[in-house]
There are 2 protein chains.
Amino acid sequence: MTNSALCTPHRRIKCQTCALRHLCLLGHLPGDDIDSLEQHIQHSQLIQRGKYLFFSGEPAHSLYAVHSGSVKTYLVDNAGNEQVIGFHLTGELIGLDGLDEGHHLVSARTLETSSICEIPITELMNPGGKLHGLSSRLLRIASHQLREDEEHLFWIGKYNPEQRLALFLLNLSERYQQRGFSATEFNLSMSRIDIANYLAVAGETISRMLLLLQQKGLIRVDRKLVRLDNLNGLKELVSS
Amino acid sequence: MTNSALCTPHRRIKCQTCALRHLCLLGHLPGDDIDSLEQHIQHSQLIQRGKYLFFSGEPAHSLYAVHSGSVKTYLVDNAGNEQVIGFHLTGELIGLDGLDEGHHLVSARTLETSSICEIPITELMNPGGKLHGLSSRLLRIASHQLREDEEHLFWIGKYNPEQRLALFLLNLSERYQQRGFSATEFNLSMSRIDIANYLAVAGETISRMLLLLQQKGLIRVDRKLVRLDNLNGLKELVSS
DNA sequence: CGCCTAATTGACGTATATCAAGTTTCGTGG
DNA sequence: CCACGAAACTTGATATACGTCAATTAGGCG
């Protein structure tokens with residue numbers, strides 16, 4: 001773990017009693033499998049805002065599950081350019097893109113103080129292991145991640161900044177709803193710059209587009225808080 | 001299989017004797033596993049240029065491996081916009097993004113007459129199955145695909161059209177080299193428009209940038225044929 | 001040989017990046 | 001609790017890279 005970021009002592013939560021089981025990697029596994037894996041997991045360690053889970057290029061020895069809070073992943077090239085790849089919420093698994101080559105492609109850092117579970121890769125990839133259900137579960141999670149990256153690609157390739165922002169907000173809305181939160185009112189844990197970077201536009205453009213959407217009566221923004229007043233309006237904006 | 005595209009009779013090649021084993025999904029599996037899977041695979045069926053392997057939204061019952069030729073995958077939204085997601089060469093596996101939800105996200109069509117192997121998903125995802133090595137192999141392939149999509153995202157997010165084209169050519173160069181072909185001279189199996197779409201620029205811009213790279217002495221283009229005269233020059237173009 | 005699509009080339013307009021100035025927010029320490 | 005400074009954000013003015021439109025040429029295939 002980079003910088004001992006995950007070493008903060010914290011109340012241990014076992015997977016079996018975790019309220020997030022249905023969202024998590026382990027949620028769909030038979031009890032026996034969870035038992036075997038359970039002991040190797042570092043459960044819900046508290047990490048401060050802005051700390052790194054791992055850096056690009058580091059050996060990938062673990063996957064990380066967001067128990068609470070949020071994390072951004074991003075790529076950096078040798079000229080120092082950063083491209084935000086994803087924002088990860090409760091229940092999401094980070095680090096799958098490091099499995100193939102054995103070292104991380106992206107870097108990952110927390111957007112707010114977050115609680116993170118660390119799952120050693122050796123336990124997951126053991127071909128002779130007993131965790132048969134786990135592999136197919138992991139594969140489905142990887143497949144889902146693929147889907148998200150490809151949709152992200154679509155956003156950037158085919159929509160203008162206003163539409164990208166609408167898609168971003170609608171996407172967050174859906175994911176918050178899946179997690180039992182409001183679909184129409186939530187806090188943006190990431191900065192405007194991070195949103196801009198993620199959507200491949202300038203920071204100033206995000207300011208302007210938030211204002212524009214507000215002037216159109218589709219959303220209401222107050223600092224980090226966003227309210228989506230007209231979900232259908234946002235959707236129509238995208239399909240035109 | 002859509003439109004009976006894969007029904008053309010063709011000389012059957014078994015995985016064990018396939019020249020592409022080292023590139024393929026099955027290349028790293030123990031012989032026993034290949035034996036079990038072998039019988040369920042439709043080996044190297046010939047498909048004409050422009051035929052579809054599958055459409056977005058269709059039930060995902062198979063994965064497809066490119067035995068020879070090339071395939072593009074792309075997303076379509078309900079307004080009809082197309083975004084090319086990837087170009088797939090010999091040995092690459094297509095359809096992993098359909099595993100999670102059970103239906104394909106992207107559509108896939110051949111860029112030239114190609115030979116394609118079809119692998120039923122039921123055989124792959126069977127949790128009680130005997131193919132333990134297969135799951136982790138599949139997971140690594142998914143991880144690799146994730147990596148490619150995320151790099152693609154980076155290209156579009158952070159580089160200008162000239163740089164994107166250079167990255168695209170360098171990427172093709174590397175992949176051809178891995179397959180035993182020339183790293184500096186190859187045919188583009190996709191149209192300019194497909195390249196443009198993939199790189200999220202206008203078709204005309206690709207024409208202009210190809211010309212520009214040629215005028216700089218970095219490449220030489222003749223219709224579909226490209227020669228990379230200065231690989232380092234192309235790389236420097238990107239890191240500036 | 002002739003049609004149809006793909007590719008090229010040029011002229012032009014605009015969306016959005018960039019630059020710059022100003023304002024608000026927020027964390028920190030007095 | 002307030003004051004300060006540093007970020008983050010907003011807002012405006014300007015420039016330009018690239019998309020769009022249009023006309024032309026070249027290739028591919030029947």
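By convention in this document, chain letters (A, B, ...) are assigned in the order of the sequence lines, proteins followed by strands, and residues within each chain are numbered from 1.
The side chain of A/Arg208 approaches D/dA13 more closely than any other nucleotide in the set D/dT20, D/dA13, D/dC9. The side chain of A/Thr205 has C/dA17 as its nearest neighbour among D/dC9, C/dA7, C/dA17. Each of C/dT8, C/dT16, D/dG19 was ranked by its minimum atom distance to the side chain of B/Val201; first place goes to D/dG19. Of the candidates D/dC9, D/dG19, C/dT16, D/dC9 carries the atom nearest the A/Arg223 side chain, counting heavy atoms from C-beta on. The side chain of B/Glu204 approaches D/dT20 more closely than any other nucleotide in the set D/dT20, D/dG19, C/dA17.
For A/Met190 and D/dA7, the CE to P distance is 22 Å, given to the nearest whole Å. Counting to the nearest Å, the C1' atom of D/dG28 and the CD atom of B/Glu112 are 16 Å from each other. Spacing between atom CG of A/Asn197 and atom P of C/dT16 amounts to 17 Å, rounded to whole angstrom units. A straight line from CG of A/Leu210 to P of D/dC9 spans 10 Å, rounded to a whole angstrom. As a whole-Å value, the separation of B/Asp222 CG from C/dA7 P is 13 Å. Distance, B/Leu211 CG to D/dT25 C1': 15 Å, rounded to whole Å. Atom pair A/Leu188:CG and C/dT25:P shows a separation of 16 Å (rounding to whole Å applied). A/Asn160 places its CG atom 11 Å from the P atom of C/dA17, with the value rounded to the nearest Å.
When the options A/Lys224, A/Lys72, A/Arg109 are evaluated for a salt bridge (charged side-chain N to carboxylate O under 4.0 Å, His left out) with A/Asp194, the one that passes is A/Lys72. For the side chain to side chain contact (heavy atoms under 4.5 Å, CB included) criterion with B/Glu150, the lone passing option out of A/Asp97, A/Thr73, A/Leu146 is A/Asp97.
At the heavy-atom level, B/Ile206 lies nowhere under 4.0 Å from the strands shown.
For the pair A/Lys158 and A/Phe154, the NZ or CZ position fails the cation-pi test of under 6.0 Å to the six-membered ring centre and within 45 degrees of the ring normal.
Between B/Arg220 and B/Asp222, no side-chain nitrogen of the basic residue sits less than 4.0 Å from a carboxylate oxygen of the acidic one, so the salt-bridge criterion is not met.
Applying the 4.0 Å criterion to OP1 and OP2 of C/dT8, one finds that B/Arg192 has a side-chain N or O inside that range. Taking only side-chain nitrogens and oxygens, A/Lys224 comes nearer than 4.0 Å to OP1 or OP2 of D/dC9.
In this structure, B/Phe168 has its ring center under 6.0 Å from that of B/Tyr198.
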